[in-house]
Visitor: 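The structure's right below; bear with me while I get my questions together.
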Amino acid sequence: MRIGQLLGSGRNADVYELDETWVLRRYRDGMDASRELPVMSYLSASGYPVPRLGPQPPSAGPGDLVLEHLHGPTMLESLLSGAVGADECAALLAGLLADLHTVPARLSPDPEDRVLHLDLHPDNVMLTADGPVVIDWSNTEEGPPALDRAMSSLILAQVAVDPAHPATNDARMLVTALVPLLAADDGIPARNLADAAARRTLNPTMSPAERGLIGEAVALVTALAGR
């Protein structure tokens, strides 16, 4: 497997070009990527927009995942450049969450549970010529859709209340547009928002300063949800 240039880096993974068709996503911290494979296969078969899975070479490690080479900006890049506005991004995120939550859980026996992304924000949506594609399923679980809505809202709210973040203003406009849409879709109950906040607090990739903003972010989401 010939690994090409570095295409991008996230909090815990790097993406390298393999060729025009495939990329390699490699975790830096030893996480096992194999748990994402059946979830992405299941969602793809259900018609949800995820990257196609490529052939996993014998030399691939447990933290490696070969994925479709997607072309296009992330939603975040488009928002920051002004190519798309906050209202459009909010509608697209709300729609992606709603569509995801129509897919029954793959494993859970609870008929109310759905597949959750739990990290669905503008940097995890690629805007390709064929439409939006949701990437990075490392946090995926099955559970109540309201937890997914709460998590997306809280992630954006943390940026919105961070005066040192370069995307503060864009995040505030986006979360202000998004939360009322999500609140109208069966709501963001306080218990699910509290669960999302607890999970964010335990996120090892976040700095102490980021964790310190969670309370203010929860208050912003609560206010925007009209509770």
Side-chain angles (χ1 to χ4, degrees), residues 8-11 48-50 70 72-101 116-129 131-140 145-190 192-197 199-201 203 205-207 209-227:
S9 294
R11 286 181 181 254
Y48 193 75
V50 298
L70 298 171
T74 65
M75 183 189 292
L76 178 61
E77 290 169 337
S78 295
L79 178 65
L80 295 178
S81 71
V84 295
D87 288 344
E88 183 179 353
C89 286
L92 183 53
L93 281 174
L96 288 169
L97 283 165
D99 289 347
L100 176 60
H101 300 152
L116 310 181
H117 187 278
L118 295 179
D119 198 24
L120 187 46
H121 56 74
D123 211 23
N124 279 337
V125 179
M126 297 285 294
L127 302 180
T128 76
V133 179
V134 179
I135 63 173
D136 191 355
W137 291 85
S138 59
N139 292 336
T140 185
L147 175 58
D148 227 1
R149 296 193 292 269
M151 187 66 78
S152 289
S153 301
L154 185 59
I155 290 170
L156 289 171
Q158 277 184 266
V159 179
V161 300
D162 184 355
H165 200 290
T168 295
N169 292 335
D170 293 285
R172 183 167 286 273
M173 288 189 292
L174 178 52
V175 76
T176 299
L178 177 65
V179 170
L181 295 178
L182 298 183
D185 184 13
D186 295 327
I188 304 175
N192 299 112
L193 186 56
D195 188 0
R199 290 164 178 258
R200 292 292 286 170
T201 300
N203 188 326
T205 69
M206 283 174 36
S207 69
E210 289 174 308
R211 292 190 188 96
L213 296 168
I214 292 174
E216 189 177 352
V218 167
L220 176 59
V221 174
T222 300
L224 292 172
R227 293 204 311 273

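Along the sequence shown, the residues carry numbers beginning at 1.
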Visitor: How close do Pro73 and Ser78 get, heavy atom to heavy atom, and via which atoms?
Guide: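 So the two residues come closest at CG-OG, 3.3 Å.
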Visitor: Drop me the distance from Leu79's CG to Asp170's CG, to the nearest 0.5 angstrom.
Guide: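 Here the rounded value is 4.5 Å.
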Visitor: Counting C-beta onward and ignoring hydrogens, is there a side-chain heavy-atom pair between Leu100 and Leu96 closer than 4.5 Å?
Guide: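 The answer is no; the side chains never approach within 4.5 Å.
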Visitor: Quick one: are Val161 and Arg172 in side-chain contact, heavy atoms under 4.5 Å?
Guide: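 The answer is yes; the side chains approach within 4.5 Å.
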Visitor: Which atom pair, heavy atoms only, marks the closest approach of Leu80 to Ala167?
Guide: CD2-CB, 4.0 Å
Visitor: Does a donor on one side chain and an acceptor on the other come within less than 3.5 Å for His101 and Asp148?
Guide: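 Per modelled atom types, His101 and Asp148 side chains form a pair under 3.5 Å.
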Visitor: Main chain of Arg149, side chain of Ser152: is a donor-acceptor contact present, judged purely on distance under 3.5 Å?
Guide: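 Such a contact is absent between Ser152 side chain and Arg149 backbone.
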Visitor: Can you find a pair of side-chain heavy atoms, one from Ile135 and one from Met126, that are under 4.5 Å apart?
Guide: yes
Visitor: Using every non-hydrogen atom in the two residues, find where Pro132 and Pro49 come nearest and quote the distance to one decimal.
Guide: O-CB, 3.2 Å
Visitor: Find out whether Leu118 and Arg199 are in side-chain contact, i.e. whether some heavy atom of one side chain is under 4.5 Å from a heavy atom of the other.
Guide: yes
Visitor: Per the side-chain hydrogen bond (donor to acceptor under 3.5 Å, both in side chains) rule, which among Arg200, His165, Glu210 passes with Gln158?
Guide: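 Among Arg200, His165, Glu210, the one that satisfies the side-chain hydrogen bond (donor to acceptor under 3.5 Å, both in side chains) with Gln158 is Arg200.
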Visitor: Nearest heavy-atom pair of Ala90 and Ala177: which atoms, and what distance?
Guide: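 Here Ala90 and Ala177 meet closest at CB-CB, 3.6 Å.
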Visitor: Check whether Thr140 reaches the backbone of His117 with its side chain - one donor and one acceptor, N or O, closer than 3.5 Å.
Guide: no
Visitor: Going by side-chain contact (heavy atoms from CB on, under 4.5 Å), Val125 matches just one of Thr74, Leu93, Val133. Which one?
Guide: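 Of Thr74, Leu93, Val133, side-chain contact (heavy atoms from CB on, under 4.5 Å) with Val125 is met by Leu93 alone.
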Visitor: Taking the side chain as every heavy atom from C-beta outward, state whether Leu156 and Leu178 have any atom pair closer than 4.5 Å.
Guide: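 Counting from C-beta outward, Leu156 and Leu178 do come under 4.5 Å.
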Visitor: So, the side chain of Asn124 versus the backbone of Asp119: is there a donor-acceptor pair under 3.5 Å, distance only?
Guide: yes
Visitor: Once rounded to the nearest 0.5 Å, what's the spacing between atom CG of Asp123 and atom CD of Glu77?
Guide: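 If we round to the nearest 0.5 Å, Asp123:CG and Glu77:CD are 7.0 Å apart.
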Visitor: Calculate, to the nearest 0.5 Å, the distance between atoms CG and CH2 belonging to Leu116 and Trp137 respectively.
Guide: 9.0 Å
Visitor: Mind checking whether Met75 and Leu92 have side chains closer than 4.5 Å, heavy atoms only?
Guide: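 Yes; the side chains approach each other to less than 4.5 Å.
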Visitor: For the atom pair OG1 (Thr176) and CG (Leu224), what is the distance rounded to the nearest 0.5 Å?
Guide: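 So the gap between those two atoms works out to 5.0 Å.
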Visitor: Where do Val134 and Tyr48 come nearest, in terms of heavy atoms and distance?
Guide: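 That would be CG2-OH, 3.5 Å.
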Visitor: Has the side chain of Arg211 got a donor or acceptor atom that lies under 3.5 Å from a matching backbone atom of Met206?
Guide: yes
Visitor: Taking Ser153 for the side chain and Val221 for the main chain, is one N or O donor matched with an acceptor at less than 3.5 Å?
Guide: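 No, the answer is negative, given that no donor and acceptor are paired below the 3.5 Å cut-off.
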Visitor: Taking all non-hydrogen atoms of both residues, which atom of Leu147 and which atom of Ala196 are closest, and how far apart?
Guide: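 Heavy-atom minimum between the residues: CD1-N, 3.9 Å.
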Visitor: Quick check on Asn203: does its CG atom have over 12 non-hydrogen neighbours (other residues, nucleotides or ligands) under 6.0 Å away?
Guide: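 Yes, enclosed.
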Visitor: With a 3.5 Å distance limit and no angle check, can you tell me whether Asp136 reaches the backbone of Ser138 through a side-chain donor-acceptor pair?
Guide: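 Answer holds: yes.
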